[in-house]
Number of protein chains: 2
Amino acid sequence: MNKIKTKNTQRTKSEAKAEAILKGAMKEFLANGYAATSMDKVAKTAGVSKATVYSYFGDKESLFNALIQNLAKDKFQTAMILPESESAEKEPKLVLQQLATKILENGMKDRTFQNFIRIIIGESGRFPELAQAYVNNLAKPAIKMLTQYFKSHPELDLPDAEAIVRVFMGTLVYYMMLQELMHGKDIIPLESDRLVNTLTDLITANKGK
Amino acid sequence: MNKIKTKNTQRTKSEAKAEAILKGAMKEFLANGYAATSMDKVAKTAGVSKATVYSYFGDKESLFNALIQNLAKDKFQTAMILPESESAEKEPKLVLQQLATKILENGMKDRTFQNFIRIIIGESGRFPELAQAYVNNLAKPAIKMLTQYFKSHPELDLPDAEAIVRVFMGTLVYYMMLQELMHGKDIIPLESDRLVNTLTDLITANKGK
DNA sequence: GTCTATACATCGATAGAC
DNA sequence: GTCTATCGATGTATAGAC
């Protein structure tokens with residue numbers, strides 16, 4: 001039991017240091033991108049020596065991989081918002097409006113998340129596995145969840161739920177991308193309410209046949 | 001006249017060399033990103049010495065700026081496809097289907113264009129002016145053109161043409177991004193025809209009131 | 001004007017002290 | 001295990017020959 005305790009303490013210490021390194025790596029990589037981030041900077045920001053960084057993560061590429069996989073699996077999982085439990089009884093148009101508004105609100109203000117998206121896309125050519133980690137851990141669950149919602153509301157009369165989900169998500173992502181990531185807010189302004197209203201109207205219009 | 005001729009010849013030569021440098025810079029920057037591209041590599045790919053590159057473009061940042069602005073203004077302007085002139089007489093649903101299909105076809109196969117998008121987004125935090133050049137020269141004209149089309153078809157009964165355009169473009173861009181840029185093709189497959197059909201159906205459904 | 005050669009800083013990674 | 005010190009390679013940028 002004493003042995004176990006000691007072991008746990010050691011592991012905790014190690015994990016604490018590994019976490020400090022990951023935290024420093026996050027700040028630097030998200031701010032400067034992969035190539036422009038030096039291991040010296042990561043070590044200094046993490047408060048350890050460069051040799052310690054290497055002893056924990058092997059090399060720069062492995063550290064970057066560990067960081068991004070970690071962010072995709074843990075940190076930004078919360079970016080996916082589920083329709084609340086009471087939503088089953090509410091009007092679909094209202095549920096979708098609230099969902100879209102929440103997604104936009106969360107995404108438009110979170111600079112860290114925006115930098116995460118920037119680096120994932122920017123490095124998706126050179127680190128395809130990291131882009132796929134994003135797809136698997138963030139995009140795919142969100143799509144599945146929304147698809148399930150649409151399929152559970154046959155009164156919406158949507159013949160292709162999977163495709164509708166892409167319209168829904170694509171509209172919101174493209175808006176965040178143009179207005180925030182690409183700094184288009186003042187060049188091509190558009191109120192988010194107009195977008196959300198138009199989008200949810202299109203989906204719930206019911207084609208009146 | 002002789003003087004002028006000489007001057008023109010000189011300028012042509014200079015411009016030819018500047019073009020060669022830009023061509024080399026394009027290959028390297030689009031393949032490796034900004035930070036990971038060295039001026040040595042650019043010079044070698046362009047077939048000139050490094051000093052010549054610096055004498056033409058000052059420093060690395062200026063060269064990158066010149067290149068991306070050039071690509072946004074000239075090379076990828078063609079990525080924007082106009083509805084054909086006869087389209088005024090055709091069914092809107094058919095026009096939109098053909099337009100969406102064309103946009104997807106052009107975007108999904110063009111690796112150079114995909115790398116251009118990758119670097120624009122990836123560097124949009126550190127080079128906001130370049131992201132805005134993309135918005136001004138590529139996104140904004142496309143949006144304006146489509147908005148004009150929707151406004152000229154009142155029978156579609158679209159209360160907010162600007163917002164509808166964002167839905168249209170966003171759906172297509174998000175699809176290209178997930179399937180191609182982020183290598184999600186095999187993880188979350190979806191036939192482009194289903195997407196295009198669903199999208200154009202939504203817009204032309206006419207709400208049957 | 002265009003080249004070669006080089007200055008000077010910083011990179012990723014490791015050896016060796018403790 | 002974690003540090004300091006340092007290696008060789010490579011980066012941006014420029015000086016000087018022609």
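Chain naming here is simple, since letters A, B, ... match the order of the sequence lines and numbering starts at 1 in each.
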>> Against the six-membered ring of F29(A), is K60(A) placed for a cation-pi contact (under 6.0 Å from the centre, within 45° of the normal)?
In response: no
> Is the CZ atom of R194(A) crowded by more than 12 outside heavy atoms at less than 6.0 Å?
Replying inline: yes
> Does N137(A) offer a backbone N or O that forms a donor-acceptor pair with the side chain of Q77(A) under 3.5 Å?
Replying inline: yes
>> Can you see if the side chain of K17(B) gets near the phosphate of dG1(C) - specifically, an N or O under 4.0 Å from OP1 or OP2?
In response: no
>> Keeping R118(A) on the side-chain end and L181(A) on the backbone end, is there a donor-acceptor pair under 3.5 Å?
In response: yes
> Among residues 56-66 of chain B, which residues get a heavy atom nearer than 4.0 Å to DNA chain D?
Replying inline: D59(B), K60(B)
>> Would you say T52(B) places a side-chain N or O within less than 4.0 Å of OP1 or OP2 belonging to dG1(C)?
In response: no
> With no hydrogens and no angle check, do the side chains of D59(A) and S62(A) hold a donor and an acceptor under 3.5 Å apart?
Replying inline: yes
> Under 30°, 30 to 60°, or over 60°: which ring-plane class applies to Y34(A) and F64(A), parallel, tilted or perpendicular?
Replying inline: tilted
> Is there a donor-acceptor pair under 3.5 Å between the side chain of Q114(B) and the backbone N or O of G107(B)?
Replying inline: yes
>> For DNA chain C, which residues of residues 31-51 of chain B approach it to below 4.0 angstrom with any heavy atom?
In response: V48(B), S49(B), A51(B)
> Would you find a donor on one side and an acceptor on the other, under 3.5 Å apart, between the side chain of S124(B) and the backbone of A131(B)?
Replying inline: no
